[in-house]
Structure formats: structure tokens, C-alpha cells
Number of protein chains: 2
Amino acid sequence: MKLKMEMALDTKECWNCPIKHQAVCARCEPDELARLEDIKYYRNYEAGQPVIWSGDHMEFVASVVTGIASLSQTMEDGRTQMVGLLLPSDFIGRPGRDSAPFDVVAVSDLTICCFRKKPFEELMTTTPHIGARLLEMTLDELDSAREWMLVLGRKTAREKIASLLAIIARRDAALKKHAPKDGMYFDLPLTREAMADYLGLTLETVSRQISALKKAGIIELDGKRKVVIPSLELLINETGDDMDGGPIV
Amino acid sequence: MKLKMEMALDTKECWNCPIKHQAVCARCEPDELARLEDIKYYRNYEAGQPVIWSGDHMEFVASVVTGIASLSQTMEDGRTQMVGLLLPSDFIGRPGRDSAPFDVVAVSDLTICCFRKKPFEELMTTTPHIGARLLEMTLDELDSAREWMLVLGRKTAREKIASLLAIIARRDAALKKHAPKDGMYFDLPLTREAMADYLGLTLETVSRQISALKKAGIIELDGKRKVVIPSLELLINETGDDMDGGPIV
DNA sequence: GCGTGACTTTGATCAGGATCAAACCGGGTA
DNA sequence: TACCCGGTTTGATCCTGATCAAAGTCACGC
């Protein structure tokens with residue numbers, strides 16, 4: 001039951017049909033696709049650029065095509081908490097509400113596929129399975145958010161870091177379409193500060209815990225941003241989760 | 001944009017139609033209601049009783065009728081994190097998945113209205129607006145969960161307690177169908193331990209911070225479980241949130 | 001009344017992360 | 001080459017909340 005966060009991240013799909021890792025896939029029925037083509041357009045952002053500020057009026061909903069965006073909130077005194085990472089195929093915005101509840105910022109270079117909201121909402125009413133897929137995706141995201149609440153509320157700094165690395169390792173393996181395995185190697189897409197904001201820590205603590213995991217032989221670093229996992233089992237031991245989070249697909 | 005948690009709690013509705021504060025309301029079209037009557041049944045639990053354990057097979061979805069339940073997860077070493085409070089009209093379970101992702105426990109005496117899953121899923125496909133309402137409710141819950149991540153990740157113990165009290169105050173006022181106002185009085189439905197599990201604190205810290213808020217005149221206690229809020233503004237100042245979380249309806 | 005048990009409060013001490021501060025590293029550029 | 005700048009590491013110290021421990025409160029049953 002644990003590590004569901006990772007599972008949810010592993011199984012993102014085209015929101016229009018059940019094809020994995022595509023924002024909009026080629027299998028969608030032609031007439032629907034045609035209607036989508038009609039109302040969609042693309043936007044590009046550079047790393048660090050804001051996409052939407054909390055409270056902004058949103059005239060579109062969108063889907064991440066490539067890159068990573070973050071969803072976050074900031075208190076007046078500057079404390080910020082990231083509440084989600086938006087990966088390819090993740091949905092941005094919500095039908096039926098027109099002001100954004102959170103800030104969306106491009107973490108890496110980012111391309112999103114936008115759909116004008118009104119026509120998209122009409123499409124939803126005439127094409128029920130889109131609503132059904134959206135419900136399914138939203139329920140998965142809700143489960144993920146709740147899993148993350150355990151990380152934020154109850155895990156130690158070291159467990160938090162290990163949990164984040166385990167998630168990124170799994171997602172990365174899924175994107176490359178192979179199982180995560182011992183010795184795997186991946187790129188850390190986040191700065192220490194972004195990791196801190198995601199984990200409810202300070203960047204110094206993040207840095208120290210990464211150093212500690214390195215010293216303990218749980219991870220190896222190649223430069224600052226590339227990570228090798230000698231043993232997945234050792235890493236997952238550090239997360240505080242048990243191992244039955246489903247098979248490491 | 002802040003205090004959306006409270007807003008979401010304020011506006012729970014019948015999931016079958018947009019009537020507030022009812023699990024299933026009388027306005028639903030007669031034929032649908034008839035079909036619902038066909039597949040529904042009630043269950044009662046005493047305070048403290050488990051409703052579902054994480055991983056259990058769920059043969060029903062349900063809706064809270066009266067009382068409060070908690071949604072929580074527990075690590076092997078016993079650390080537990082509550083990830084949601086289920087109040088009247090909240091939905092339990094999810095169409096399309098048959099094992100529960102979290103523990104559900106009755107916090108107070110509890111009545112839920114169950115619907116056998118298979119027929120409910122059929123009903124959803126034949127009655128699209130039920131799916132639409134469920135999507136809307138799920139999106140609200142997702143926003144609430146993400147708001148709570150800020151509380152867990154970035155707020156101090158005192159701010160956490162104040163945030164929880166503010167939420168309960170608003171919900172309580174909403175249930176009594178009047179605006180929360182200075183001097184309002186309500187019942188604290190949670191033990192110190194349950195509050196701690198919700199806030200990612202220990203029960204001693206909860207107790208100490210409640211004492212501190214009392215000493216500071218932010219709240220008054222009548223016994224252990226009844227609270228008076230002399231000034232809502234003072235309380236909200238303590239939450240760390242700004243005041244623009246919408247009007248205190 | 002008395003005891004019992006669940007819940008709560010309070011005290012003393014400890015430790016995990018935060019904070020403040022300085023140095024380091026690597027890449028870009030003048 | 002020297003410089004700068006964003007990101008990172010490391011060190012010293014502080015403080016919030018955890019932990020360990022004991023006592024208080026209240027409702028209940030005998």
C-alpha cells in the first residue's frame with residue numbers, strides 16, 4: 001500500500017484515452033481528435049518562467065507535453081510549499097472554475113498543449129469518456145497528494161530525501177520504458193531549493209542529507225545533478241516505507 | 001486564495017445534485033432516486049471502530065450521512081498521518097478501483113450510506129451528471145489536500161493548531177447554517193492525539209499549543225472539548241494565512 | 001465512596017532541522 | 001585570465017518540537 005505516489009507517477013496516461021505517457025495520443029477516435037485539433041494550441045516556457053499565478057483568470061486548460069512544471073503556494077512571509085510536480089501528460093487547470101488555485105512554474109524548459117476552456121467544457125459534456133478519464137486521473141492525483149501528506153507530516157529529513165529520489169528514479173525508468181534496476185542512472189531535475197520546497201525542508205538540510213546518503217553508499221553522485229542508485233533495495237529501506245508498494249515495474 | 005481548505009469544507013453538497021449539506025437530497029429526479037434506493041443500504045459504526053483498512057477489498061462506495069470519519073495511513077513503526085476528515089456528504093471509495101488506499105476509522109458515532117459498487121458504476125455511465133458531480137467534488141478534495149500540504153510542510157505548531165481550529169469553526173458554523181462570528185462556540189470532535197495525527201505533531205505539542213492559545217486569549221475552553229472563539233480575526237492572524245480566503249460566509 | 005482507565009496537562013531534557021555565515025564549484029563572459 | 005554569479009557544500013549555533021516522565025481530570029462502574 002505504500003509508495004503509491006510512485007505508482008501513480010508511473011502510470012500517467014493520455015487523458016483522452018488509456019495510452020500511457022502521452023498528452024494526447026494517436027489512438028483517439030478521429031472525430032474527437034479533429035475537434036480537439038480545432039481548439040488546441042501550444043505554449044513554450046523557459047526554465048524558471050511562471051505559467052500561471054495563483055488567482056489568475058485561466059482561459060484555458062492544458063496538458064504538459066514535455067518538461068516539468070511545479071505547482072506551489074507561497075505564504076506572505078515567503079515560505080513556499082510545492083504541492084505537485086507536473087510531468088508529461090499531467091493536466092493543468094480545471095473545467096468549471098476560472099481562477100487558478102496555485103502557482104504553476106516551469107521547472108525545466110516546458111511545452112504545454114492548451115485547450116480553450118469553453119469549447120473544452122462543451123466537448124466534455126458531449127464526450128462522456130473524457131470526463132470519466134479526467135475523474136480517474138483526478139482520483140489518482142488525490143491519492144498521490146494524500147501519500148505525500150505522510151511524507152510531509154511524519155518522515156524525517158533523510159526519509160524525505162530518499163522518498164523523493166525513489167519517486168524520481170521510478171518515474172525516470174518509466175519514461176525510458178524499462179524497469180528501474182540496481183545501478184540505474186538519472187538526472188535530478190530539481191535544484192536543492194526546489195527539492196526543499198517539495199519536501200518541507202531547507203536547502204541546507206537537503207544538501208546535508210544528500211551528502212549523508214552519499215557517504216552511506218546509498219547513492220552516488222556524478223556532478224551535482226546526476227545520480228546513480230547502486231541498490232534500489234537500500235534506497236527504499238531509507239524511505240521508511242515497506243517494500244510492498246507493488247512490483248517495481 | 002488562502003483558507004481554501006475551509007471553503008471547500010463549507011460547500012459540501014449532495015453528490016447527486018447541487019444541494020448543500022446532504023448526502024443524497026430530496027431534489028434528485030425521482031427515477032434516479034428510485035434507482036439509488038434500489039442499491040443502497042446503511043451502516044452504523046461506533047466512535048473508534050474501523051470502517052475499512054487500507055488494502056481491504058471494497059464492495060461498496062459510500063457517503064457519510066452523520067458523524068465524522070478519518071482517512072489515515074500508518075507506517076510500520078506506528079507513525080500515523082491523517083490525510084482527511086470525512087464529514088457528512090463526503091464520499092468514501094472510488095468507482096473503478098476495488099482495494100482501499102487508506103484506513104477509514106469512525107471518529108465519532110457514524111452512519112454511512114453504502115451503494116453496491118457494480119450497480120453504482122453502471123448508474124454512473126447511464127447518468128452522466130453523477131460523474132460530473134463526482135469529478136467536481138474530487139477536484140475540490142484535491143485542492144483541499146494540497147492546501148493541507150502547506151500546513152504540514154511549512155507551518156509552525158501554533159499555526160497548525162490555529163489553522164485546524166479555524167477550519168473546524170467554519171465547518172461547524174456552516175453545518176448550523178449561520179456565519180461564523182466572534183464569540184462562537186463549538187465542539188472539538190477530535191482527541192488531542194487525533195489532532196496531532198492530522199497536523200503532523202505529537203499530542204503533547206498539541207496540548208501545549210492549545211494552552212498557549214488559551215493563555216494568549218485567542219481561544220477560551222469550556223472543559224476539554226468545547227471551544228469559544230472571542231475574535232475570529234485574532235484566530236486567523238495566528239494561522240499564518242492572509243485574510244482574503246473569501247468572505248467568511 | 002473508591003477505583004479504574006482514557007484522556008489531558010505540565011515539566012525536564014534532548015535532538016533534528018533551521019538559521020546564520022562562509023567558502024566552494026562550475027560555467028559563462030568581459 | 002580574471003571575474004562573476006547561481007547553485008551548492010560545510011560549519012557553528014540556536015530553537016522548535018519530540019521524547020520521557022509524572023501528575024491531574026473526568027466519567028464510569030462497583
Side-chain angles (χ1 to χ4, degrees), chain A residues 46-49 70 75 77-81 105 107-108 151-165 187-216 219-227 238 240, chain B residues 46-49 75 77-81 105-108 151-165 187-216 219-227 238 240:
Chain A
E46 289 173 21
Q49 279 189 321
S70 70
M75 296 169 68
D77 62 9
R79 282 177 280 176
T80 88
Q81 177 64 52
V105 179
V107 167
S108 64
V151 175
L152 291 175
R154 291 301 185 193
K155 290 197 179 181
T156 64
R158 176 188 266 239
E159 288 169 340
K160 286 179 176 182
I161 297 286
S163 300
L164 180 59
L165 291 176
D187 223 72
L188 207 48
L190 304 172
T191 66
R192 301 292 185 255
E193 187 180 21
M195 287 191 258
D197 284 343
Y198 200 28
L199 296 166
L201 298 170
T202 59
L203 67 94
E204 294 96 328
T205 298
V206 169
S207 177
R208 270 185 252 270
Q209 294 299 334
I210 287 179
S211 299
L213 288 175
K214 192 171 96 182
K215 197 172 299 176
I219 61 173
E220 290 158 21
L221 291 184
D222 170 10
K224 313 270 183 200
R225 296 290 199 92
K226 289 173 187 302
V227 182
E238 297 292 333
Chain B
E46 288 172 21
Q49 277 189 321
M75 295 168 70
D77 61 8
R79 283 177 280 177
T80 88
Q81 177 64 52
V105 179
V107 168
S108 62
V151 174
L152 291 175
R154 292 302 186 192
K155 289 196 178 180
T156 65
R158 175 189 266 240
E159 288 169 341
K160 286 179 176 182
I161 297 286
S163 298
L164 180 59
L165 290 176
D187 222 72
L188 208 47
L190 304 173
T191 66
R192 301 292 185 256
E193 188 180 22
M195 286 190 258
D197 284 343
Y198 199 30
L199 296 166
L201 298 170
T202 59
L203 67 94
E204 294 96 328
T205 298
V206 170
S207 177
R208 270 185 252 271
Q209 294 299 335
I210 287 179
S211 299
L213 287 175
K214 191 170 101 183
K215 195 172 300 175
I219 60 173
E220 291 158 20
L221 290 184
D222 169 9
K224 312 271 181 199
R225 295 291 198 91
K226 289 174 186 301
V227 182
E238 297 293 333

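These figures come from a predicted structure and were not determined experimentally. Here is how names work: the chains are called A, B, and so on, in the same order as the sequence lines, proteins then strands, and each is numbered from 1.
- Among the heavy atoms of the strands lying under 4.0 Å from B/Ser207 is at least one base atom, whether or not backbone atoms are also near.
- Counting heavy atoms from C-beta outward, B/Leu165 and B/Leu213 have side chains that approach closer than 4.5 Å.
- Under the 4.5 Å side-chain criterion, counting only non-hydrogen atoms from C-beta, B/Thr191 is in contact with B/Arg225.
- Rounded to an integer number of Å, the gap from NZ of A/Lys224 to P of D/dG7 is 13 Å.
- The shortest heavy-atom contact between B/Gln49 and B/Glu46 is OE1-N, 2.7 Å.
- Rounded to whole angstrom, the span from the NZ atom of A/Lys160 across to the C1' atom of C/dA18 amounts to 12 Å.
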Can you tabulate the close N/O pairs, meaning under 3.5 Å, that link protein atoms to atoms of nucleotides 16-18 of chain D?
from, atom 1, to, atom 2, distance (Å)
D/dG17, OP1, B/Ala157, N, 2.8
D/dA18, OP2, B/Thr202, N, 3.4
D/dA18, OP2, B/Thr202, OG1, 3.1
D/dA18, OP2, B/Thr205, OG1, 2.4

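- Remark: A/Ser70 pairs with no residue by the side chain to side chain donor-acceptor pair (under 3.5 Å) rule, at least two apart or across chains.
- Here the side chain of A/Ser211 is nearest to one of C/dT8, C/dT9, D/dT10, namely D/dT10.
- Whole-Å rounding puts the B/Ile210 CD1 to C/dT9 P distance at 6 Å.
- Here B/Arg225 does not reach the OP1 or OP2 of D/dC26: none of its side-chain N or O atoms lies under 4.0 Å away.
- Put simply, CZ on B/Arg192 is 13 Å from P on D/dC26, counting in whole angstrom units.
- Judged purely by atom type and a 3.5 angstrom limit, A/Arg154 uses its side chain to pair as donor or acceptor with the backbone of B/Thr80.
- Remark: C1' of D/dG6 and CD of A/Glu46 are 16 Å apart, rounded to the nearest angstrom.
- Atom pair A/Asp77:CG and C/dT19:P shows a separation of 10 Å (rounding to whole Å applied).
- When each of D/dT8, D/dT10, D/dC20 is scored by its nearest atom to the side-chain atoms of B/Glu204, the top-ranked nucleotide is D/dC20.
- Distance CD1 (A/Ile161) to C1' (D/dT9): 14 Å, rounded to an integer number of Å.
- Between the CG atom of A/Leu221 and the C1' atom of D/dT8 there is a distance of 11 Å, given to the nearest Å.
- A/Thr156 is listed as a side-chain neighbour of B/Arg79, based on a closest heavy-atom distance under 4.5 Å.
- Between the side chain of B/Glu159 and the backbone N or O of B/Glu238 there is no donor-acceptor pair closer than 3.5 Å.
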